[in-house]
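Report on the following structure.
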Number of protein chains: 2
Amino acid sequence: MTDRATQTPPDAPERRRLPPAERRRQIVEGAVTFFADVGLDGTTRDLARRLGITQSLLFNYFSNKAEILEAVYEHVYLDRLSDDWPHFLTDRSHPLRARILTFYREYSRLIFEYNWMRIFMFSGLAGAELNRRYLHHLGTVILRPLLEELHASAPGPALPQMEDIWNLHGGIVYIGIRRHIYQMPTPEDPTEAIERAVDRFLGSYGLG
Amino acid sequence: MTDRATQTPPDAPERRRLPPAERRRQIVEGAVTFFADVGLDGTTRDLARRLGITQSLLFNYFSNKAEILEAVYEHVYLDRLSDDWPHFLTDRSHPLRARILTFYREYSRLIFEYNWMRIFMFSGLAGAELNRRYLHHLGTVILRPLLEELHASAPGPALPQMEDIWNLHGGIVYIGIRRHIYQMPTPEDPTEAIERAVDRFLGSYGLG
DNA sequence: TAAATAATAGATCATCTGATCAATAAGGTT
DNA sequence: AACCTTATTGATCAGATGATCTATTATTTA
């Protein structure tokens with residue numbers, strides 16, 4: 001910031017004139033971690049500084065800040081809910097326990113990520129419709145079928161309700177919240193904790 | 001905002017000159033819901049507008065915005081963790097199940113509240129030390145003793161770990177997150193869902 | 001090598017935002 | 001009723017912020 005006049009500042013590469021597609025990609029990826037760090041109220045100047053470009057350049061690729069945030073959402077929400085999971089979860093050729101464990105192993109690997117977790121929370125607090133859509137989708141496409149699978153498999157009279165599925169889900173997701181939102185220590189690998197949570201849940205419906 | 005000159009605007013009471021203590025209290029309470037709504041980046045002008053006072057008046061009671069936020073934290077974090085709970089939870093003259101259920105009935109009543117839930121989340125995302133202190137306190141003063149009570153009561157060889165307690169806790173807290181952060185529909189009264197979650201948990205350690 | 005293209009930087013604008021301060025007036029006191 | 005204290009207001013400042021526009025200059029093309 002001091003010797004900006006020198007041709008090659010100490011650490012900043014001072015590279016310029018990237019192909020537009022690549023620059024745009026660089027901006028979006030930088031914006032994702034930037035807004036994940038500081039929140040959606042982060043300034044375009046700080047974002048530009050972090051990217052090593054000028055603030056005005058941002059507006060050459062996006063007509064306003066809201067458009068940058070849209071690109072961030074798109075980049076972050078993309079492929080977070082695989083279309084395979086509903087089929088996989090209802091594929092009764094595998095034991096239900098294995099299906100659930102495989103799902104949550106995959107799912108937690110995808111969402112226990114700093115950028116996702118925080119941008120999801122920031123936009124949730126901002127009241128973004130996107131969050132409700134995502135959760136509604138999660139509920140109808142994954143958790144609801146999961147409930148039906150449990151009803152089909154449970155031997156006893158005790159059957160889970162939808163709210164119980166949300167409880168199972170929430171207990172697992174809470175690991176990611178503790179880690180990335182509250183920045184508390186959590187198990188490095190959550191797999192075992194998830195496995196025990198799932199087994200407690202299944203066990204209580206006679207699905208040990 | 002249009003006819004501010006008229007002596008008594010249509011709806012605004014245009015009252016002035018409250019006793020300082022009362023005005024301060026009014027500001028803090030207004031600030032709590034204001035910042036819970038819009039986030040900690042909400043402007044002092046919007047806050048003043050909501051309170052029906054001028055922006056400059058805020059700085060007569062607080063020397064800067066950070067001081068307002070401190071008062072908000074203090075007001076919101078106050079008495080959220082009762083000192084009675086540790087004693088109550090370890091009082092073996094009552095059945096463990098009743099102790100846990102009573103605790104979570106009380107606790108959920110206290111924290112499943114719009115202002116608390118959102119300010120806790122906003123400040124957590126902002127990296128506030130206060131959140132980590134709160135959660136650390138919760139862990140050592142409530143959840144850890146709870147774990148020990150479970151170890152003392154569980155008949156079988158299977159014993160919960162601390163991470164399992166966090167899972168129980170997270171699953172319950174997640175109801176409040178869904179309601180107040182994601183603004184999704186949740187059971188009006190979470191008591192039954194909590195009861196079932198606790199029973200699943202206890203059952204899996206032979207404490208049915 | 002010279003010209004053309006367009007990615008990037010720098011300057012600038014209008015508005016917003018936290019904060020200050022002198023002027024005003026509400027409510028109590030005598 | 002006149003006075004006094006001080007809660008409250010209105011004007012204002014400096015810096016921050018989103019956005020625009022023109023000047024540069026890296027890279028390609030002829």
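Residue numbers begin at 1 in each chain, while the letters A, B, ... track the order of the sequences. As the structure is a computational prediction, the values presented were derived from the model and not from experiment.
- Salt-bridge formation is detected for the pair B:Arg80/B:Glu113: a Lys NZ or Arg NE/NH1/NH2 atom is positioned less than 4.0 Å from an Asp or Glu carboxylate oxygen.
- A straight line from CD1 of B:Ile68 to P of C:dA19 spans 8 Å, rounded to a whole angstrom.
- Nucleic acid contact for B:Ser56: base, since at least one base atom lies under 4.0 Å from a heavy atom of the residue.
- The listed nucleotides are D:dG18, C:dG18, C:dA9; the one nearest the side chain of A:Phe59 is D:dG18.
- In this structure, B:Ile53 atom CD1 and D:dA7 atom P are separated by 13 Å, rounded to whole Å.
- Both A:Gly42 and B:Leu57 lie close to DNA chain D; mapped to their nearest nucleotides by heavy-atom distance, the more 5′-ward contact belongs to B:Leu57.
- For A:Arg92, the salt bridge (Lys or Arg N to Asp or Glu O under 4.0 Å) criterion is met by A:Glu149, not counting sequence neighbours.
- Looking at A:Glu163 and B:Arg178, a side-chain N of the basic residue comes within less than 4.0 Å of a carboxylate O on the acidic one, giving a salt bridge.
- Here A:Pro19 lies out of heavy-atom contact (under 4.0 Å) with every strand.
- B:Thr44 has a side-chain polar atom (N or O) that falls below the 4.0 Å cut-off from OP1 or OP2 of C:dG18.
- A salt bridge between A:Asp164 and B:Arg196 is present, with a side-chain N of the basic residue lying under 4.0 Å from a carboxylate O of the acidic one.
- Electrostatic pairing of B:Glu195 and B:Arg97 counts as a salt bridge here, judged by a charged N lying under 4.0 Å from a carboxylate O.
- If you measure from atom CD of B:Glu22 to atom P of D:dA7, you get 13 Å, rounded to the nearest angstrom.
- In this entry the distance linking CG of A:Leu40 with C1' of D:dT17 reads 16 Å, nearest Å.
- Separating the NZ atom of B:Lys65 from the P atom of C:dT17 is a distance of 9 Å, rounded to the nearest angstrom.
- Atom pair A:Arg49:CZ and D:dG18:P shows a separation of 11 Å (rounding to whole Å applied).
- Heavy atoms of B:Asn60 sit under 4.0 angstrom from at least one base atom.
- Using modelled atom types, one finds a donor on one side chain and an acceptor on the other under 3.5 Å when comparing A:Arg179 with A:Thr186.
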Let me have a per-nucleotide readout for nucleotides 22-30 of chain D, 5' to 3', with B, S or -, counting only protein heavy atoms under 4.0 Å. ---SBS---

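- By the 4.0 Å N-to-carboxylate-O rule, B:Glu29 lies close enough to B:Arg25 to be salt-bridged with it.
- Side-chain to base pairing of B:Thr54 with D:dG10: no donor and acceptor N or O lie closer than 3.5 Å to each other.
- Taking atom CZ of B:Arg45 as the reference point, atom C1' of D:dC13 lies 11 Å away to the nearest angstrom.
- Regarding B:Glu67, its CD atom lies at a distance of 10 Å from the P atom of C:dA19, rounded to whole Å.
- Taking only side-chain nitrogens and oxygens, B:Tyr61 never comes nearer than 4.0 Å to OP1 or OP2 of D:dA7.
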